[in-house]
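Here is the naming used below: chain letters follow the sequence lines, and residue numbers restart at 1 for every chain. These values consider heavy atoms only, across backbone and side chains, with no hydrogens, waters or symmetry-generated copies.
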Amino acid sequence: MTASALALALILTAPLFGALAAMLMGRRGPAIALATIIATAAGTLILLVIIATEGAVHLAIGGWEAPLGIQLRADGLAGGFIATTALVMGAILAVAAKPFAGGKTERRSAYTFWPLALLLWGALNAIFLSGDLFNLYVGLELLTLVAVALVGIEGKRETLAAALRYMMFALMGSLLYLLGAALLYAAHGTLDIALLAERVGSAPGDIVAAAAITGGLAAKTALFPFHAWLPPAHSGAPAPASAMLSGLVPKASFYILLRFWFEAAPDLAGSGVLMLLGGLGAFAMVYGSLLALHQDRLKLIIAYSTVAQLGYLFFIFPLAGGESAAQPWAAGAWSGAIFHALSHAMAKASMFLCAGLIIEAIGHDRLPGMKGIVRALPMTVFAFALAAITLMGLPPSGGFTAKYLMMTASFAAGQPFWALMLILAGLLAAAYLYRPLALAFALPDEDAPAPKAVSRARQFAPLALALAAILLGILSAAPFAFIQIGRPGAAVEGLE
Amino acid sequence: MIASIFDLTLCLVILAAAGAATLGRDAFMAVVFYIVYGILIAMAWLRLGAIDVALAEAAIGAGLTGVLLLAALARVARKAGKEPASAASVPATTIATALAALVITIGIAYAFLTLPEPQGLQGHVAENLAASGAENPVTAVLLNFRGWDTLLESIVLLAALLGIWTLAQDEAWGGRAGLRHVTRPGSVLAQFGRILPPIGLLVGVYLVWAGSKQPGGAFQGGTVLAAVWIVTIMAGLMQAPRVADRALRAALVIGPVIFLALAVAGIFAGAFLVLPPAHAGWLILAVEAVLTLSIAATLAMLVFGPPEPEEKR
Amino acid sequence: MMTPETAVIPFWPQGPVWPMLVLIWPLLIGALAGVPGLREKPIRLLPLAPLPALLLALARPADATTQAPDVLLGVILTTDTLGLTLLGMTAAIWLAAGLYAIAYMKAPRKPAVFTGFWCLTLTGNLGVFLAADAVTFYVSFAAVSLAAYFLVVHDGTPKALRAARIYIALAIFGEAMLLIGFVIAIAGSDSLAIADLRATLTAPAGEGTLHPAAQGLAIALIIIGFGLKAGLMPLHLWLPLAHPAAPTPASAVLSGAIVKAGIIGLIRFLPEGAVDTGVLLMVIGLASAYIAVLLGLTQSNLKAVLAYSTVSQMGLVIAVIGAGIAASDPQALLAAGYYAMHHGFAKAALFLSVGLLAVTRGGARIALLAGIALLGASVAGLPGTGGALAKAAVKPAFDGFALMLVTASGIGTSLILLRYLVLGARVETQAPHPPALMAGPVIAMGLCALILPWILWSVFDPRPLGYLAGVGALIDGIWPILVALLIAGIALSPPLAGRIRGPAIPEGDIAAPLERGAIRLIRAVTEMEPPVPQAHEWRRVLRVIAPAEALERRLLPWRVSGLVILALIIVVALASA
Amino acid sequence: MVLSASLLYGLCGAALIGLGLYGFVVHRRLIRRVLAFNVIGSGIFLLFGAAAYRDPVAGSDPVPQAMIITGIVVALSATALALALIVAHARLARSDALPEDDRSGDPDEGRP
């Protein structure tokens with residue numbers, strides 16, 4: 001037994017065990033979640049240390065090497081996502097412990113929330129560690145079904161419609177992804193990413209496979225114009241679920257997209273595809289921001305912000321590829337996008353948790369009602385402001401490091417357009433987040449009902465997440481070096 | 001193998017059934033055509049030499065999916081009221097969609113026609129079959145070489161069940177799954193329900209036991225067992241279990257739990273999910289046995305749906 | 001970009017630790033403001049925050065580099081003469097203002113918030129003088145720029161809210177411009193060191209260097225970003241709005257210390273030898289020096305008058321920087337820093353005196369007014385004062401007409417500070433006894449302005465001090481002040497007194513018309529009726545978003561979305577082929 | 001050119017995918033979409049299986065078969081959840097279509 005095998009086993013199985021236990025013991029959800037957090041965090045810490053000291057970890061499941069078996073691979077990228085997920089899930093579950101508490105008799109939502117949340121975590125970890133396209137498909141399906149269920153957990157007509165709408169995109173996305181994977185296996189006899197890297201491009205049909213995979217994953221990542229499902233779904237779910245859905249779930253399909261283009265098929269990327277993806281990202285950014293400006297409900301603002309923020313994840317494609325081949329700054333684009341994905345996960349989850357606490361206090365999330373909420377929830381508003389700093393990309397947050405890396409790559413690659421879009425994104429984020437913040441700090445109306453009290457301990461969780469997003473920027477050198485471990489060559493040499 | 005007239009005919013019939021199922025006007029008839037289509041597809045699998053897939057497709061793809069679709073159709077018809085009004089003209093999006101689907105079909109066909117020389121994993125599987133603990137290569141892949149997929153898949157089923165349960169109305173929580181089925185004693189279904197269970201049980205158990213050597217396995221066997229349970233309940237011989245029932249929940253999770261435990265235990269034998277060749281045979285049989293139980297329970301619960309409050313008369 | 005060596009203790013800096021502590025300490029103090037128990041009287045913590053910085057400046061260590069490779073993208077701090085001098089000035093002003101605040105802000109609205117952001121602003125303000133890498137500089141600059149919003153908005157009055165809104169909009173705009181400028185330079189030099197960035201911006205075109213257009217763009221963006229903070233016209237409009245709106249100690253740090261962040265930015269980042277840039281800065285700077293005085297003379301708010309004086313003085317400093325850049329003269333850049341130091345102390349004292357005027361009468365009042373007059377004369381360059389030295393130090397950078405303009409600017413300086421004196425004399429006393437904590441900082445800042453330039457002369461100017469006693473120097477120092485007194489005498493003489501009325505220019509001059517213009521433009525675009533109910537203004541303004549909303553509704557039906565997915569696959573496949 | 005069985009079934013799979021995609025996108029009634037989803041799925045599986053059956057000497061490749069069985073179970077899970085959602089939504093909305101799709105019903109339903 002090696003330490004790395006133990007760490008991987010803990011990370012992969014602890015959330016799943018937790019979910020099964022929660023399914024069995026209806027009213028023990030919070031306690032089981034706590035145990036899961038401890039076990040998974042332990043595994044994550046061990047894994048991080050191993051990756052940092054010994055480099056990327058490879059493990060053949062069951063001892064069967066590729067192409068026969070499924071390979072697990074934990075490089076810096078995987079480690080970064082797993083650690084961020086653990087942090088975000090820990091905070092979310094801590095906040096969820098009260099609204100989904102066990103109670104004397106079992107309640108429906110309190111019963112199903114815990115296994116679903118833990119399954120979501122397990123699915124994410126399975127995806128982040130997998131090196132096999134078909135295994136990724138199964139993980140993605142698990143994630144999707146759980147996410148759809150969480151969207152519908154409130155059981156209202158609107159949330160069920162949102163869940164169904166999400167389900168349509170998700171079903172279409174998985175089918176297309178599966179189609180691509182089937183074509184790749186038919187052509188190359190393997191779905192192992194490392195082996196595919198040597199073979200993809202030799203078959204003419206690979207383009208069809210790549211197109212299907214890209215289209216399917218883009219639909220799941222809610223890239224514009226496939227985002228229509230996202231705002232109603234993310235804003236309709238209970239806050240802890242929204243935090244997972246917005247902060248973590250879209251990152252999984254984006255992560256697969258990264259693995260696919262940068263590791264399995266770097267030679268397949270034509271400049272047209274890269275520009276198309278980047279262009280849709282830029283459009284998503286402007287469009288999501290404008291619509292965020294127009295919303296009157298806090299959760300909708302945050303959800304449209306996700307549409308915008310997911311948009312500039314896709315800048316990685318034009319910046320990492322294109323004309324200036326073998327440019328050292330492609331790694332800047334790659335690292336920048338990952339920094340953005342990680343800091344956005346923390347900040348967005350924090351924001352949704354804040355929104356949840358505000359709803360607990362005032363009963364709704366309409367903006368006018370938030371006036372002066374800082375008096376009742378100082379820590380929450382502070383956390384929201386810190387998260388906003390990250391989303392705006394202001395220094396010294398992780399969002400700033402991301403923006404800085406991507407901007408530098410953009411100028412070095414001679415494509416200043418993307419840098420200008422990033423600046424615009426920051427300005428627009430400042431505009432749409434200014435309104436809730438200004439209201440939160442304003443004097444409350446005389447006749448406004450007094451907000452309900454929310455315990456400080458629960459306000460601490462979103463604050464911790466927001467602080468983590470800031471710390472990611474302040475101490476960015478170490479995470480920067482970490483995610484470079486086992487970095488694919490295409491991240492440096494550029495796609496194409 | 002060169003295509004025979006039978007293959008050609010089968011393909012045409014499959015396409016016709018699929019066309020009727022996707023394009024037909026009446027929803028109920030569409031579902032019926034879909035079930036027919038599923039059985040035809042199972043025949044296609046037999047022609048392609050994939051008996052395990054044929055069994056799975058017949059049992060799960062055609063059978064269970066068909067039952068789910070019919071049940072949903074019935075429940076929706078009761079709730080949704082009237083059919084939506086019809087539109088007179090064909091909108092531009094419909095034509096555009098048809099065109100896009102056609103282009104994609106051509107693209108896929110192109111990809112298929114230009115596939116390079118086949119390089120399957122038959123050789124790898126055959127080489128390692130002895131160490132896998134299963135004689136049926138498909139079972140070896142499912143439970144050993146790619147056991148992690150199968151483990152996740154058994155959890156996907158549970159996730160779907162949780163998702164369905166979470167759609168229950170709050171006041172109905174803890175009650176019996178699905179609608180009350182009132183069957184007159186002495187009716188055909190009731191008679192059928194008396195005869196089927198012993199036979200079904202035998203078939204199911206056989207499928208699992210045979211799975212390690214011949215086609216069959218936990219999923220196919222589990223489906224048959226689930227079908228037995230469903231019919232028994234529909235016949236009014238048994239009541240659907242309560243969702244809060246401890247035994248039910250234990251049955252649901254036992255398979256994945258044991259499989260997960262085995263996966264973790266594997267790290268003591270070298271890596272995650274390692275089955276030592278010396279013990280792989282009985283380990284696989286044991287995992288299949290508990291998985292079958294869980295799968296049968298899960299599939300049956302999927303068909304019953306969430307607990308519903310008593311209907312007002 | 002990354003330094004591979006890692007210290008034994010994670011994050012422990014390499015090199016002298018003290019400069020790092022200078023920046024961490026105020027953050028810790030700021031965090032303390034949130035601790036229950038201290039939260040009740042957190043203002044008392046303010047004077048503690050700048051102490052390590054002051055000690056560092058007083059110790060004047062040798063030029064050394066501190067590195068913290070694990071923080072940000074590798075923090076590098078240096079302690080050079082210019083940086084240390086301005087660091088010392090800044091720390092002293094914040095210390096004085098902090099002490100003053102204890103007495104002045106008896107019942108602040110949100111003491112913990114004020115204290116926290118005071119400390120954050122201070123950290124940024126100190127950081128810009130120590131940073132040797134672009135990221136640290138940018139982070140510091142953003143901290144001082146954005147956190148100061150909370151100092152401006154603190155009073156919560158409608159006036160403060162408006163000033164703060166304009167301030168934050170401009171600050172974020174400036175940050176964005178600066179970031180683009182920095183990133184262009186970083187991409188071009190493949191380095192984060194400020195020295196390398198400077199070199200890149202003037203490197204001759206060739207392999208591996210920036211395109212001249214990119215160089216020009218980066219320089220322009222950097223000037224906009226820093227000029228905005230330093231009050232370069234026409235980007236000055238936030239100063240006359242924010243300074244009066246903020247509580248008095250905050251006004252003092254805004255005008256005395258924070259605007260210097262822009263000055264150090266210009267000095268640190270603009271490359272020497274960029275002749276066009278230098279000449280442009282010189283022209284704009286000198287023009288600012290005069291126009292600001294004219295605008296300032298029309299003001300009747302004490303702090304607004306001082307704010308325009310700051311704009312005018314910063315114009316002069318920017319002109320010096322421009323001259324130094326055009327002539328590749330490092331001495332001129334040093335002199336600009338020296339001048340800025342004197343101005344910082346003098347202006348801090350003058351701003352703090354605003355609060356003091358309301359609590360003095362009798363002899364103390366007369367002494368205070370005399371002190372203000374002396375400080376004003378110092379800023380104008382009266383021989384014997386510290387200001388005369390500052391003027392003398394910057395003059396060698398100019399010649400010909402420009403030199404004459406610089407000398408004659410003393411007239412304007414004197415006039416605007418006389419305006420302050422006259423307005424100050426009219427302030428009514430509310431309480432007769434000035435607290436020592438308010439008087440002390442004013443006196444200390446005033447003395448620093450008058451005396452420190454003497455002590456530091458030899459550090460900044462190679463010429464012997466005796467030069468200042470020359471007849472020419474004395475005459476140049478005195479005549480502008482005499483002319484100003486003459487003009488003032490005429491204007492205040494009985495026949496004219498009260499009859500001369502300049503046009504009534506609102507605080508922030510072009511801010512108001514710009515604001516109106518912007519609102520009108522938005523209204524024109526959105527076809528709104530002019531009288532808009534306040535509550536719905538936001539939504540109406542956002543009518544421009546209507547097309548996006550319409551698109552959103554079009555995309556929602558699955559028939560459209562699903563079709564778009566199919567189309568995307570086809571497009572991706574075709575684009576790859 | 002001799003039409004091999006694998007080629008025939010592969011093309012049949014491609015056609016099923018196209019048919020299913022069309023049905024999945026144009027139907028307004030959610031149950032019909034779920035049905036079309038299953039047609040696409042089985043089309044993909046057929047394509048996958050046919051490709052694995054190309055090698056006449058080595059026989060059928062068991063790995064895709066295992067993957068297809070997994071895929072069938074996954075598709076069943078998705079179908080079950082989708083149908084349950086549709087039923088729950090119909091209970092509250094009195095319609096088996098989404099609100100944005102419900103304006104004129106399905107043109108393929110009940111057209112004269």
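In this structure, the portions of D/Leu47 lying under 4.5 Å from any heavy atom of chain B include both its backbone and its side chain. Looking at B/Val31, both its backbone and its side chain come within 4.5 Å of chain D, counting heavy atoms on both sides. Contacts of D/Ala50 with chain B are made by both backbone and side-chain atoms, with heavy-atom separations under 4.5 Å. For B/Leu299, the part lying under 4.5 angstrom from a heavy atom of chain D is the side chain only. Both the backbone and the side chain of B/Val138 come within less than 4.5 Å of a heavy atom in chain D. Contacts of B/Leu10 with chain D are made by side-chain atoms alone, with heavy-atom separations under 4.5 Å and no backbone atom involved. For a residue to count as touching a neighbouring chain, one of its non-hydrogen atoms must lie under 4.5 Å from one of that chain's; by this rule B/Leu15 touches chain D with backbone and side chain alike. Within the 4.5 angstrom heavy-atom criterion, only side-chain atoms of B/Gln220, from C-beta onward, approach chain D. Of the two parts of B/Phe145, neither the backbone nor the side chain holds a non-hydrogen atom closer than 4.5 Å to a non-hydrogen atom of chain D. With a threshold of 4.5 angstrom between heavy atoms, D/Ile68 approaches chain B through side-chain atoms but not through N, CA, C or O. Of the atoms belonging to B/Ile60, heavy atoms from both backbone and side chain fall under 4.5 Å from chain D. Contact of D/Phe24 with chain B is not made at all, since no heavy-atom distance falls under 4.5 Å. Heavy atoms of D/Ala88 lying under 4.5 Å from chain B belong exclusively to its side chain.
Taking chain B as the reference chain and counting heavy-atom pairs below 4.5 Å, the highest number among D/Ile86, D/Val63, D/Val74, D/Leu21 is found for D/Val63. Chain B forms more heavy-atom pairs under 4.5 Å with one residue of D/Leu83, D/Leu11, D/Thr79 than with any other, namely D/Leu83. With chain D as the partner, the residue from B/Ser154, B/Gly38, B/Ala21, B/Ala100 showing the most heavy-atom pairs under 4.5 Å is B/Ala21.
Of all the heavy atoms in B/Asp52 and D/Gln65, the pair that sits closest is OD1-OE1, 4.3 Å. Nearest heavy-atom pair across D/Ala52 and B/Gln122 is O-NE2, 4.2 Å. In terms of heavy-atom proximity, B/Ala44 sits nearest to D/Leu46 at CB-CD1, 4.2 Å.
With contacts defined as side-chain heavy-atom distances shorter than 4.5 Å, the pair B/Thr94/D/Tyr22 qualifies. Annotation: side chain of B/Glu153 is in contact with side chain of B/Phe219 (closest heavy-atom distance under 4.5 Å). For the pair B/Val156/D/Val73, no side-chain contact is recorded, criterion being any heavy-atom separation below 4.5 Å from C-beta on.
Aromatic pair B/Tyr34/B/Tyr37: centroids less than 6.0 angstrom apart.
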